[in-house]
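Data block below; observations after.
Throughout, protein chains are lettered first and strands after them, A, B, ... in sequence-line order, and every chain is numbered starting at 1.
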Number of protein chains: 2
Amino acid sequence: MWSIKNMDLEDTLLMMPGPVSVAPRVLRAMSKPMINHRSAEFAGIYTDCRGILADVFQTKNDIFLLSGSGTAGMEAAVGSVAGSGEKVIAIENGKFGERFKDLAALYAELVPLEFEWGLPVDLEKVKEKLEEGAKAITLVHNETSAGIMNPAAEIGKLAKKYDALFIMDGVTSLGGDEVKVDEWGVDIAIVGSQKCFAAPPGMAAVSVSEKAFEAMNCMKKRLYYNDLKAYKKSGDKPRPETPYTPAIPLFYALQEALHIVKEEGMEARIKRHRTLSEAVRAAAGALNIEMFPQLNEYSQYSNTITALKSPAGIDGEDIKNDMKKRGVIIAGGQERLKSKIFRIGNMGNVTARDVLSTIQQLEIVLHKHGYIDSVGAGTEAATRVIDRL
Amino acid sequence: MWSIKNMDLEDTLLMMPGPVSVAPRVLRAMSKPMINHRSAEFAGIYTDCRGILADVFQTKNDIFLLSGSGTAGMEAAVGSVAGSGEKVIAIENGKFGERFKDLAALYAELVPLEFEWGLPVDLEKVKEKLEEGAKAITLVHNETSAGIMNPAAEIGKLAKKYDALFIMDGVTSLGGDEVKVDEWGVDIAIVGSQKCFAAPPGMAAVSVSEKAFEAMNCMKKRLYYNDLKAYKKSGDKPRPETPYTPAIPLFYALQEALHIVKEEGMEARIKRHRTLSEAVRAAAGALNIEMFPQLNEYSQYSNTITALKSPAGIDGEDIKNDMKKRGVIIAGGQERLKSKIFRIGNMGNVTARDVLSTIQQLEIVLHKHGYIDSVGAGTEAATRVIDRL
């Protein structure tokens with residue numbers, strides 16, 4: 001239902017932490033006719049997607065595709081392995097860590113491990129909690145709300161040592177940054193379709209280890225639509241399928257998006273994400289804008305989203321709204337961070353030109369607010385980084 | 001990912017009970033760019049869909065759109081109002097009734113009320129169960145697996161009399177046949193996008209009465225992704241949204257599909273569904289194929305799908321497979337009904353020509369199996385009915 005009013009959406013640059021811009025060939029894939037979801041045709045698409053995802057996840061574990069958002073995947077993970085009141089340590093240093101905490105409170109005996117949003121995870125405290133014993137521990141690898149990358153490899157090591165299942169939200173890292181599911185010992189990893197894979201929103205992929213399946217098999221059923229045991233049963237059939245009717249056009253789109261990922265190659269894709277986020281950080285530095293997250297030796301700035309403090313005297317929401325009027329959609333802060341920060345995503349098929357265009361518009365906005373005297377410093381700093389690509 | 005092998009999908013006639021054929025203008029709607037799901041643009045789409053759905057549901061109740069299949073909607077209904085072990089009477093006379101039973105067993109104290117698949121619901125037995133007291137009663141209005149239409153109005157009346165919440169799966173009736181949510185006293189009605197609305201699969205719409213909200217508010221939270229209380233909170237905002245990232249292209253598609261429904265008008269749409277299913281039944285009679293469901297005075301044959309007994313000596317799966325080779329996708333029987341029946345859907349934007357073409361191919365298949373001596377009787381019988389349209 002187009003109208004003149006929203007036609008300019010097609011000229012908008014989406015630099016949010018998802019949904020991200022979807023390539024025309026991926027959009028076109030959704031215009032194929034519907035098929036029977038119990039057919040060989042559907043099984044072929046499902047199998048193709050699972051194969052490419054396994055390479056990206058760097059795993060030999062089973063992978064399932066849920067017709068639901070990343071949150072559905074997070075619920076599937078926690079509810080499937082901790083449905084009988086087991087202890088689950090939920091690490092929180094941002095909004096999505098808090099979501100795991102809410103899920104653990106609903107399905108398990110919650111052991112919260114809270115850090116202020118944007119502060120790094122203290123591994124000593126993780127160790128202390130694990131020493132007390134737990135069925136599972138949850139971590140958001142790339143905490144989008146705060147722009148911080150948490151130490152997944154280290155926490156995976158600790159989880160293994162203390163025999164806890166490691167549940168990792170890789171929603172905004174998988175497909176854009178390095179994630180080694182098997183090497184890091186991630187028992188359940190979750191990704192959303194609309195982030196670094198640059199497919200439309202509405203799907204989650206979940207990898208599940210043997211150890212996690214064993215835990216599930218001892219567990220009372222607590223979930224229905226998002227029950228991973230049901231996904232396992234349907235996915236193991238000679239003609240793999242999903243337990244309930246899948247969102248067929250989203251499967252078409254994800255398959256095409258995954259082929260784009262494969263064509264680019266994960267090595268090049270990771271390098272692109274890392275370089276472009278570094279370019280945003282360099283521009284922010286040159287424009288005298290502070291990074292929001294605080295790091296310790298185990299944490300890093302996110303390579304797929306940059307969270308910046310609102311410059312003195314300017315509300316982050318105003319920056320977001322001014323940018324939108326200029327055709328660039330960035331994100332503000334969520335909940336307690338609203339107005340205090342703004343965030344620039346570089347997930348998916350974002351190009352150097354997209355990032356430079358965003359920085360250019362940001363400079364104009366900051367200049368109009370009187371925060372900088374002239375434009376150009378951000379572009380120059382970003383270009384120096386991008387030139388290495 | 002097209003290949004020569006599956007190009008013929010575009011020439012296939014989908015006569016299944018969902019997913020159904022999706023109109024080209026609906027497919028094209030999905031090729032619009034992604035938008036921020038917390039924006040005014042998204043709120044506009046959501047509001048437009050909710051308005052049209054309210055007219056189709058004939059309700060003043062709140063309506064929510066879930067990014068998940070009809071099963072997600074069924075789980076949302078049962079899990080939201082019966083999460084603390086209350087008694088739920090689950091009426092079963094087919095596979096989807098069984099699904100409600102499974103959900104009630106998971107979230108409530110199940111009171112099963114089982115009839116053999118394809119047999120009618122006995123209202124006396126419903127009354128007996130309700131007299132014993134229950135929080136809610138579930139019914140599948142149009143039991144797709146058996147091709148039978150259950151007496152929703154009568155059960156709504158009984159539920160009201162005994163003060164039980166009435167949860168109705170209208171997944172394959174809403175949008176194609178008459179459903180009067182408010183008049184019948186349906187507290188929670190559920191529909192899937194890929195049935196009579198002829199949108200792609202992956203979405204469910206759920207209407208919720210005040211009485212159901214009151215029940216939810218006294219209830220321990222048991223669901224996360226499919227929690228209707230979370231949908232209520234997000235849907236009530238001045239700029240309505242969904243609690244978690246919605247499947248944006250499926251919203252685009254559903255909006256366009258609902259506009260097609262509005263343009264045709266529900267009265268004409270219902271008449272078309274009723275006439276076309278009657279045409280299928282007339283053809284079956286002329287071809288000496290028996291109807292599968294058994295009726296009583298309160299039940300009817302489905303107006304959106306026809307379940308037929310496999311003719312003597314022919315496996316229903318063979319009919320389905322032979323039809324597929326000839327370019328028409330119909331459904332077989334599910335689980336215990338596999339091989340024993342086959343089913344022809346007429347949901348969505350199905351035309352008289354689609355139904356006649358299906359009957360023609362069925363005649364050819366039956367002729368090749370030696371079940372009929374000549375072709376044409378089915379077409380003639382169907383045409384007599386269709387001529388009334």
Side-chain angles (χ1 to χ4, degrees), chain A residues 1-2 6 9-10 12 14 16 18-22 24 27-37 39 41 44-45 48 67-72 74-75 79 102-103 106-107 192 194 200-203 221-226 243-250 252-253 255-256 259 329 331, chain B residues 1-2 6 9-10 12 14 16 18-22 24 27-37 39 41 44-45 48 67-72 74-75 79 102-103 106-107 192 194 200-203 221-226 243-250 252-253 255-256 259 329 331:
Chain A
M1 300 305 300
W2 279 112
N6 58 16
L9 282 177
E10 301 213 323
T12 293
L14 260 190
M16 299 211 310
V20 305
S21 233
V22 171
L27 293 175
R28 281 196 299 271
M30 288 191 285
S31 67
K32 286 184 284 188
M34 295 307 112
I35 50 173
N36 183 344
H37 54 288
S39 65
E41 291 82 1
I45 295 168
D48 187 31
S67 295
S69 75
T71 301
M74 292 169 79
E75 181 175 32
D102 292 346
L103 285 163
L106 185 59
Y107 288 104
Q194 82 282 24
M203 291 192 57
K221 184 181 170 85
R222 278 289 303 275
L223 296 160
Y224 200 88
Y225 186 66
N226 293 322
Y244 311 111
T245 309
I248 289 171
L250 302 184
Y252 290 153
Q255 185 186 28
E256 191 72 29
H259 278 261
I329 312 285
Chain B
M1 301 309 298
W2 280 113
N6 58 16
L9 282 178
E10 302 213 322
T12 292
L14 261 189
M16 300 209 310
V20 305
S21 235
V22 171
L27 294 174
R28 280 196 300 271
M30 288 192 285
S31 67
K32 285 184 284 187
M34 295 308 113
I35 51 173
N36 183 345
H37 54 287
S39 65
E41 289 82 2
I45 296 168
D48 187 32
S67 295
S69 76
T71 300
M74 293 168 80
E75 180 176 33
D102 292 345
L103 284 163
L106 185 58
Y107 288 104
Q194 82 283 22
M203 291 192 55
K221 186 182 169 85
R222 278 290 302 277
L223 296 159
Y224 200 88
Y225 186 67
N226 293 322
Y244 311 112
T245 309
I248 290 172
L250 302 184
Y252 290 153
Q255 184 186 29
E256 191 71 28
H259 278 261
I329 312 286

| field | Shortest non-hydrogen contact from Leu27(B) toward Lys32(A) | value | CD2-O, 3.8 Å

| request: Let me see the working for Thr71(A) and Thr245(B) under side chain to side chain contact (heavy atoms under 4.5 Å, CB included), right down to the final yes or no. | output: CA-CA 8 Å; Thr71(A) 301; Thr245(B) 309; over 6 Å; no

| request: Check the pair Met34(B), Ile329(A) against side chain to side chain contact (heavy atoms under 4.5 Å, CB included), reporting the backbone distance first and the verdict last. | output: CA-CA 11 Å; Met34(B) 295 308 113; Ile329(A) 312 285; over 6 Å; no

| request: Mind ranking Glu75(A), Arg28(A), Met74(A) by heavy-atom pairs under 4.5 Å with chain B and telling me who comes out on top? | output: Glu75(A)

| Validation row: Ser69(B), Pro246(A) side chains within 4.5 angstrom (heavy atoms) | no

| Proximal component of Pro200(B), with respect to chain A [non-hydrogen, under 4.5 Å] | both

| task | Identify which of Gly68(B), Gly202(B), Ala331(B), Ala72(B) forms the greatest number of heavy-atom pairs closer than 4.5 Å to chain A. | result | Ala72(B)

| message | With a 4.5 angstrom heavy-atom cut-off, is it the side chain or the backbone of Ile248(B) that approaches chain A, or both, or neither? | response | both

| field | When Asn226(B), Leu250(B), Leu106(B) are compared by non-hydrogen pairs under 4.5 Å with chain A, the top option | value | Leu106(B)

| task | Check whether any side-chain heavy atom of Pro201(B) lies under 4.5 Å from a side-chain heavy atom of Pro249(A), and answer yes or no. | result | yes

| Structural part of Ser21(A) lying under 4.5 Å from a heavy atom of chain B | neither

| note | Bottom line for Met30(B): the part with an atom under 4.5 Å from chain A's heavy atoms is both

| query | Quick one: does Pro33(A)'s side chain get under 4.5 Å of Leu14(B)'s, heavy atoms only? | reply | no

| remark: Rounded to the nearest 0.5 Å, the OG atom of Ser39(B) sits from the CE atom of Met16(A) at a distance of 8.0 Å

| message | Tell me the closest heavy-atom pair linking Tyr107(A) and Tyr224(B), and the distance in Å. | response | OH-N, 4.4 Å

